[in-house]
Structures are given as structure tokens and as C-alpha cells.
Amino acid sequence: MPPLVQRLTSLSNGTTILALAIANALIWLVLPLTLESGLRLDVAEAVAFGPEFLLTYPKHPPLSFWLTALASETGPLRYLIVSALGPLFASLAHYSLARLAVRMFSPQAGLLVMLLGVTSSFATYLAIQFNHNVALMPFWALTIGLAYAAFETNRLRDWALLGLIVGLGVWAKYAIALLCLPLLLAFVIVPHWRAHLRSFGPYLSFILFVMITAPHFVAAFKQGGGTFAYAVRVYNDNFMMRLQSALLITYVTVLANLLIMLIVGWGLGFRAMLSSARALVTAAINSERLAIYTTLVAFGPVLIIFYAAFFGVRSRALWITPISLGFILFWAHVYWLALTTPQAAELKLNRLYSGAAAIFSLHILSYLLVRLVLPVQTDVRYPEIDARRLTQLAQNYWREHNDRPLRNLIILGNQRSLQAVGTIAFNLDRHVLVRYVQSLPYVSKNTLNRFRRDGALVVAVKRPNDEINLDQDLGPLTLSHLMSQTIPHTRGHDPQTQAIFGTAR
């Protein structure tokens, strides 16, 4: 047995799980802090609009925007804190799931969950960009555990905590409903659980859920229900496009599960793993409570997305981010069954560790190649933009053409422009108001007067083939003093991407 494996196995199970969670969070904090200079798109958007601390935003509930905005207010520590959010939330989610697996199955199953967590794409390089999907992950994991505890014990404490966590999950993203619907189905179809409807617990959970979510729902209704419409938006696609959307979520689900199966099969034996998986599905069909629960938690959300695609809902690959937690719990159940049947399989712990280490190392290597090689071969990407230099260029331009402090920013153009504006707002030492140029005709009178009085820095990022309207008329405002510079970046050479500054009044 390799020395590292010997050292890990000498630790208590709980200590090993915690150590793996902390190590994963630290590694995926240090890597972007070292190799990325600009903000990812979702982070830049949250920095731009989060500081207004609205109860609702046009697309999603506000939790990830609020947290990013708070992190951006931590002065010299802001890059550290913002970069820590994603790895922290992802590692916390998998740690919570591992502790649940210890209670549900065995200490070894909990260790497996943590190993699968630190090798998951959604807890490693994809968690770097803190957004609504990553923010939902801890609430998804806790909902899985609390729902099972409430269903099994019917304790008021568990029901109350379930209502609290699901309510907070709504503040992160409405996609928590994709988990709650299969949980509700499991609750209804299992007689032992359904009998709890005669007690107060389920109703207490619902009351707390309503109390926690009411401020957001009321605000969203007052603003026209934009977040609701965005969450359930339907496109008038033809059948082939809808089929393609359904196949996308299927493809991502298969890929995520294949990676898990590779690690579990390597440590357990592929024949034993597949035999145990068949036994678990059979147990679910035969109404075994735990089998029903883990199967619906894993694949219920995917089935909802799959069938919704045929009604015009366009699926997105990263929707799997929180759903992947259910996949891990399902395979932990498979693993536990394989070790507890009369023909119990033999666990090869050193192979389990080596398989997880190989996948984890591959994630790191792939990330390093993307960050160090691609910027030299392609146009500038978000993480390679020199954030501080870009902010300095913007401030120099503003001081040259305006005698008031920079307090307002306007986004003109595509997603690159949004990223640039968020980056500038993040590095300024004062609060700024950010608006899209498309929203100018609809801003409040107070906002428009502020723009006219103090002026606003208009920012666009343009590639040669981008179509950006640089007319002098911005609706209620006028654009002047246009200036273009090559956007600064830390790696690679891309003179074609230009940062365009202008003054609006």
C-alpha cells in the first residue's frame, strides 16, 4: 500500500473526509488566484449588479449576487474572498453529502462520497466560477439529508430544518424545485412516509418555507414576475431542436455517471458494481424505501428536464451541477450494497484512492493547459484580462475627459463588455451604478438625472467581427469622447480585441 494511502487510512473516517474537503477547497482556491487575473463572466455580472442588494434580479434570485457583492467589499482581501466562494460552496456540499452517506450507509460509503466529490468536475474547475448553480449545491445536499430524516423519523425539528433549507435554496435558484418534486413523489408513493400527512410536521415545513421565500416572491411579483418567466421560459422550437435539448441533458448525465462508475468500479470491481446497481434498481421497483429515495434523488431531476425539453424548455449542460450530488449518493448506495450482500465484494482501498487521485490530477493538468496554452493560441479570454490594468486605463480616460468622480458605468455590447464593466467596478474604491445601454430608455428619472449630472463611463469590448452600435445617440443620453485601446491581458497576444471607452451625458 502506498505511503499516502497508509497515512489516510490511519486517520479516523471523519477526519479523512474533512481533510479531503478542505484540501479540495484550498487547491481550487490557489489555482485561480495564481493563474487568473480577470473575473469570470458570472462573477463579473454579480459584481456589477449585486451591490444594489435587490430582493430579485431579472433572471435569478439574488443569493449568489449578494454573496459576491459582499465579498467584493472586503478591501485588499476581495480577490481571495471572491475566489473562495465557489470552491467553498462545492466542497461544503460534498462534505455534507459524505456525512449523510455515513449515517445512511457506512463510514466507508461516506469516504467514497468525498472521494467522488473531489474528482467531480462540478467541485473542481467548474466551481471556480461562483454562480447560481454553485450557490445552490449546499442547499441541494442538505435538502437530500433533511428530507430523508423527516420522512423516516417525522420529527418536528427535521421538518422545520427542511422548510428552512428549501426556502434558502429558492433564494439561490428556483432549480431546487427539480429536487423537491421527486422528493414529493417519493413521500407520496411510500405508505410509511405518506402517513405523516396526519401529523403537523409537513405543514410546519411548508409554513416556514413560505415565510422565508415570501419577501423574494412578493418583490418578484411586484416587478412583473421576470424571474418566474425566465425560469420556465419556453421556446417555439421545432421537434428536432427539442429532441436535441433532451439528448443534451442525457449526454451530460451519462458522462457524469460514467466518471463515477469508473472510480467505483476500479476500487470495487466492475462486475460487482454492475451487479449491485441492478440489485438497487430492482429494490426501487419493489418499493424498498431507501432504494426509491436514492434513485429518485439521482435521476428524478434529470427526467423532469428531459421531458420538459419536448415542451420547449432548452436544457443547459451546467444544470447538472447540483444534480450531480444525487448521482454520487446513488453510487454510494450501490457501493454499500456490494459490500453488504452475502457475496460481498472485496474493497481494494489503494485502488480506490489511486483512481480518485488520477482523475483529480487530470482535472488539474487540464486546467493548467487551458490557462497557460489556450491564451497563446486564441483571442483573449475572461480569466486572462489584466483586471487592474484595465481599471487603470478606465480611470485615466475618465480623469482626462471628466471633472467629477467616476460613479456610473454603462455596458455597450456583448458579454465581453459586461465582463469588462464588472471587472472595473470590482477594482474601483467606490460604489458605482451599472446599467445596460438597452435599459437606458427605461431607467428611473432619478437614475437618468444622475447620469446626466455626473456622467457615465460607457465601456465596450470589440472584436473585428463584433457588431456594436457606436452612434452618438444613446437614447436619452449622448455619447462623446470615444477612445479605443487594445484590451490588456496577462498572457498571450491579442491586438484585435479592443476596449472602447466613451462618456455619456
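Keep in mind that what you see is a predicted model, and the values were worked out from it rather than measured.
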Between T253 and T250: side-chain donor-acceptor atoms closer than 3.5 Å: no
Qualifying residue, where the test is side-chain hydrogen bond (donor to acceptor under 3.5 Å, both in side chains) with K173 and the options are N133, T321, N131: N133
Student check: side-chain heavy atoms of T119 and L115 closer than 4.5 Å: no
A69 versus P51, closest heavy-atom pair with distance: CB-N, 3.5 Å
Residue pairs passing the salt bridge (charged side-chain N to carboxylate O under 4.0 Å, His left out) test where at least one lies in residues 239-256, sequence neighbours excluded: none
Any donor-acceptor pair under 3.5 Å from W66 side chain to L54 backbone: yes
Sidechain-backbone polar pair: S37 side chain, I385 backbone, donor-acceptor under 3.5 Å: yes
Polar contact flag, side-chain donor to acceptor under 3.5 angstrom, E400-N396: no
Side chain proximity check, M137 to F89, heavy atoms < 4.5 angstrom: no
Listed partners of W159 passing side-chain hydrogen bond (donor to acceptor under 3.5 Å, both in side chains), at least two apart: N154
Partner set under salt bridge (charged side-chain N to carboxylate O under 4.0 Å, His left out) for R388, not counting sequence neighbours: none
Within-4.5 Å side-chain heavy-atom neighbours: L433 and F451: yes
Pair S64-H132, side-chain donor/acceptor within less than 3.5 Å: yes
With R407 via side-chain hydrogen bond (donor to acceptor under 3.5 Å, both in side chains) - residues at least two apart: D454
Heavy-atom neighbours of M211 CE exceed 12 at 6.0 Å: no
Qualifying residues under salt bridge (charged side-chain N to carboxylate O under 4.0 Å, His left out), relative to R371, sequence neighbours excluded: E384
Contact check, side chains of L179 and V297, non-hydrogen atoms, under 4.5 Å: yes
Salt-bridge criterion met for E52 and R435 (N-O under 4.0 Å): yes
Check: Q419/T423 side-chain N/O donor and acceptor closer than 3.5 Å: yes
Sub-4.5 Å side-chain heavy-atom contact between M241 and N238: yes
Heavy atoms from other residues, nucleotides or ligands near CD of Q415 exceed 12 (cutoff 6.0 Å): no
Backbone N/O of S83 and side chain of W28: donor-acceptor pair under 3.5 Å: no
Min side-chain heavy-atom separation I260-I328 under 4.5 Å: yes
Student check: side-chain heavy atoms of L80 and L29 closer than 4.5 Å: yes
With Q129 via side-chain hydrogen bond (donor to acceptor under 3.5 Å, both in side chains) - residues at least two apart: none
Side chains of S91 and N24, donor plus acceptor under 3.5 Å: yes
For D158, all residues meeting salt bridge (charged side-chain N to carboxylate O under 4.0 Å, His left out), sequence neighbours excluded: R155
Check: S315/S245 side-chain N/O donor and acceptor closer than 3.5 Å: yes
Side chain N408, main chain G455, donor-acceptor under 3.5 Å: yes
Geometric class of the F310/F306 ring pair [parallel <30°, tilted 30-60°, perpendicular >60°]: perpendicular
Nearest-0.5 Å distance that lies between atom CG in L368 and atom OG1 in T34: 10.0 Å
Pairs meeting criterion ring-ring contact (aromatic ring centres under 6.0 Å, His included) with involvement of residues 411-442, two or more places apart: F49-Y436, Y79-F426
Kindly list each side-chain donor-acceptor pair under 3.5 angstrom involving residues 214-227, sequence neighbours excluded, with atom names and distances?
{"from": "H216", "atom 1": "ND1", "to": "L55", "atom 2": "O", "distance (Å)": "2.8"}
{"from": "H216", "atom 1": "NE2", "to": "Y174", "atom 2": "OH", "distance (Å)": "2.4"}
{"from": "T227", "atom 1": "OG1", "to": "Y174", "atom 2": "OH", "distance (Å)": "2.9"}

Whether over 12 other heavy atoms sit under 6.0 Å from F228 CZ: yes
Contacts of Y57 that satisfy ring-ring contact (aromatic ring centres under 6.0 Å, His included) - sequence neighbours left out: F65
Y95: ring-ring contact (aromatic ring centres under 6.0 Å, His included) partners, not counting sequence neighbours: none
Exercise: do R505 and N402 side chains pair donor with acceptor under 3.5 Å: yes
Partner residues of D237 under the salt bridge (charged side-chain N to carboxylate O under 4.0 Å, His left out) criterion, sequence neighbours left out: R314
Pairwise side-chain contact, W331 with V113, heavy-atom cut-off 4.5 Å (strictly under): no
R404 backbone acceptor or donor facing W398 side chain under 3.5 Å: yes
Ring centers of Y367, Y125 separated by less than 6.0 Å: no
Considering all heavy atoms, the nearest G163-I212 contact: O-CD1, 4.1 Å
Evaluation steps, side chain to side chain contact (heavy atoms under 4.5 Å, CB included), between L161 and L142: CA-CA 9 Å; L161 288 173; L142 290 170; over 6 Å; no
Pair S72, R78: side-chain N/O donor-acceptor within cut-off below 3.5 Å: no
Distance (rounded to the nearest 0.5 Å) between I410 CD1 and Q438 CD: 11.0 Å
Other residues, nucleotides, ligands: >12 heavy atoms within 6.0 Å of F311 CZ: no
Criterion side chain to side chain contact (heavy atoms under 4.5 Å, CB included) on R491 and L35, from CA distance to verdict: CA-CA 10 Å; R491 278 184 294 278; L35 297 175; 4.2 Å; yes
